[in-house]
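Note sheet for the following structure.
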Amino acid sequence: MNILIVDDEKLEVEVIRRMIDVHKYGVDEIYCAYSLKQAVEVMELHDITVLLSDIEMPRGSGHELVEWIREQGLDTIPIFLTSHAVFSYAQEALRLGVIQYILKPVVKEELEAALNAAAEQVRLNEQIEQNRKYAERWNSSQQILRKEFWRRLLDSDMGRIPIDYAHMAQTYGLSLKEGERFFSILVAWERKHGKGSAWDDSTIEFALENVLSELLWESPGEKNLLNERHRILIFYRMDTQPEQVVTEKLELMLQQCRAILGFCRITCYVDQPVEISRIRKSAFALMQSEDNDVKKSGGVIRIHKLEQR
């Protein structure tokens, strides 16, 4: 890890630098700065793991430096140094997420205690990041399996032989309950004539899928969808939301997409909820409705309502 010491008193910086056991803490480099401006310049050039900064300096405070770090979204762990045990300083340190507050002149034992806490925080942050990456890989692999399940379900040969859908779903990482029903939803889009040339198809589909995911599913593990050319097929568990709420969410999705994809005409086709054995028929009814919809004027179209006319 890299450490940055910031203090306008050069002797103080050198004393602190000599106190740090670089081997004990696995320190790669110790950088020194004597003002807020110099500290910012160092941090713009190097990744700083731990910051040891005086609070009171002639041209910019330690508080301002940590504020800048937070604005930049850096993961630097700050430790404050100060000559005055002022309560307002401690309050501000807590607000900024400063893990330790050391009184000057710095005592080696207190510095080591602060660095031990920082090292533990580094290990925790690394574990959190590792877990996040693992979760992303897991969710990605699960999503691939889910898409394969729905793709197989829509295969032309399916439905001609008896199928244990619950067992089939389990092999793809899905859990199906007896009699569970799903809404089939088709989100179809097309560019308005001569519009949106700066966006390729994959970018448009990515934007649509993100908006849909945020509105429809609370967790990635519930996301059931397939991307086709200019179409996104969605299979939404009925027990998650009633039909009216689903329709309202799709209306909201269209509003949000118009703000970022105003050059596209987006239409949602929704069927009534059906059991898994009838999903294929429902999905193809949606695609047939989209093929027959010459106007494609946008909005949410409930095809079972059309059939009842």
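Given the structure is predicted, the values throughout are model-derived calculations rather than measurements.
- In summary, Arg123 and Glu126 do not engage in a salt bridge, as defined by a charged side-chain N under 4.0 Å from a carboxylate O.
- Taking hydrophobic clusters as Ile, Leu, Val, Met, Phe, Trp and Tyr residues chained together by side-chain heavy-atom distances below 4.5 Å, Ile232 shares a cluster with Leu252.
- A salt bridge links Arg231 with Asp291: at least one charged nitrogen is closer than 4.0 Å to a carboxylate oxygen.
- Considering every non-hydrogen atom in both Ile69 and Thr76, the closest pair reads CG2-CB, 4.1 Å.
- Within the model, atoms CD1 of Ile5 and OH of Tyr31 stand 12.5 Å from one another, a figure rounded to the nearest 0.5 Å.
- Remark: side-chain polar atoms of Lys192 are not paired, donor with acceptor, to backbone N or O of Phe263 under 3.5 angstrom.
- Counting only heavy atoms from C-beta outward, the side chains of Tyr269 and Thr267 approach each other to under 4.5 Å.
- With Glu251 contributing its side chain and Thr247 its backbone, the two residues share no donor-acceptor pair below 3.5 Å.
- Here the CD1 atom belonging to Ile20 is positioned 4.0 Å from the CD1 atom belonging to Ile3, to the nearest 0.5 angstrom.
- Applying the side chain to side chain donor-acceptor pair (under 3.5 Å) rule to pairs touching residues 19-28 yields Tyr25-Asn116, sequence neighbours excluded.
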Stepwise side-chain contact (heavy atoms from CB on, under 4.5 Å) check, Phe183 with Ile234: CA-CA 8 Å; Phe183 291 100; Ile234 300 164; over 6 Å; no
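- For the pair Arg280 and Phe284, the cation sits on the ring face: its NZ or CZ lies under 6.0 Å from the ring centre, inside 45° of the axis.
- Separating the CZ atom in Phe182 from the CD atom in Gln272 is a distance of 15.5 Å, to the nearest 0.5 Å.
- With respect to Lys104 and Asp7, a salt bridge is recorded, a charged nitrogen being found less than 4.0 Å from a carboxylate O.
- Residues Val42 and Cys32 come closest through the heavy atom pair CG2-O, 4.4 Å.
- For the pair Asn227 and Arg151, the tightest heavy-atom approach, listed with the atom from each and the gap, is O-NH2, 4.3 Å.
- Judged purely by distance below 3.5 Å, without hydrogens or angles, the side chains of Asp271 and Ser282 pair a donor atom with an acceptor atom.
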Test salt bridge (Lys or Arg N to Asp or Glu O under 4.0 Å) applied to Lys37 and Glu41, step by step: CA-CA 6 Å; Lys37 182 175 180 294; Glu41 289 172 352; 2.7 Å; yes
Working note: Met1 + Asp47, criterion side-chain contact (heavy atoms from CB on, under 4.5 Å); need CA distance, chi angles, decisive distance, verdict. CA-CA 9 Å; Met1 70 179 175; Asp47 292 329; over 6 Å; no
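- Side-chain contact between Phe235 and Leu153: absent, with no pair of heavy atoms (C-beta onward) separated by less than 4.5 Å.
- Counting non-hydrogen atoms of other residues, nucleotides and ligands closer than 6.0 Å to CG of Asp201 gives a total above 12.
- When hydrophobic clusters are built by joining Ile, Leu, Val, Met, Phe, Trp and Tyr residues whose side-chain heavy atoms come closer than 4.5 Å, directly or via intermediates, Leu45 is not grouped with Leu65.
- Taken together through direct or relayed side-chain contacts under 4.5 Å among Ile, Leu, Val, Met, Phe, Trp and Tyr, Leu145 and Phe149 form part of one hydrophobic cluster.
- Within the 4.5 Å cutoff, no side-chain heavy atoms of Trp217 are placed close to those of Arg237.
- One distance of note links CD of Glu209 with OG of Ser202; it measures 11.5 Å at 0.5 Å rounding.
- Under the 3.5 Å distance criterion, the side-chain polar atoms of Ser53 are left unmatched by any main-chain donor or acceptor of Gly62.
- What you find for Thr82 and Ile55 is that their closest heavy atoms are CB-CD1, 4.0 Å.
- With rounding to the nearest 0.5 Å, the separation of CG in Leu226 from CG in Leu186 is 11.0 Å.
- Between the side chain of Thr49 and the backbone N or O of Asn2, at least one donor-acceptor pair lies under 3.5 Å.
- The shortest heavy-atom contact between Leu250 and Val300 is CB-CG2, 3.8 Å.
- Side-chain contact of Ser213 with Asn210: a donor-acceptor pair under 3.5 Å is absent, judged by distance alone.
- Between Leu261 and Ala207, the closest heavy-atom pair is CD1-CB, 4.3 Å.
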Would you check, one step at a time, whether the test side-chain contact (heavy atoms from CB on, under 4.5 Å) holds for Val13 with Tyr34? CA-CA 8 Å; Val13 170; Tyr34 308 102; 3.9 Å; yes
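- Ring geometry, His63 versus Phe80: the interplanar angle exceeds 60°, so the pair is classed perpendicular (tilted spans 30 to 60°).
- Met19 and Val22 fall within a single hydrophobic cluster, where Ile, Leu, Val, Met, Phe, Trp and Tyr are joined by side-chain heavy atoms under 4.5 Å apart, directly or via other members.
- Gln256 places no side-chain N or O within donor-acceptor distance of the main-chain N or O of Met253, the cut-off being under 3.5 Å.
- With hydrophobic clusters built from ILVMFWY side chains whose heavy atoms lie under 4.5 angstrom apart, Ile204 shares a cluster with Leu215.
- Summarising the geometry, atom CD1 belonging to Ile77 is positioned 12.0 Å from atom CD1 belonging to Ile48; distances are rounded to the nearest 0.5 Å.
- At least one donor-acceptor pair under 3.5 Å links the side chain of Asn292 to the backbone N or O of Gln288.
- With salt bridges taken as basic N to acidic carboxylate O contacts below 4.0 Å, none links Arg181 and Glu275.
- Using a cutoff of 4.0 Å between basic side-chain nitrogens and carboxylate oxygens, Arg18 and Glu14 are scored as salt-bridged.
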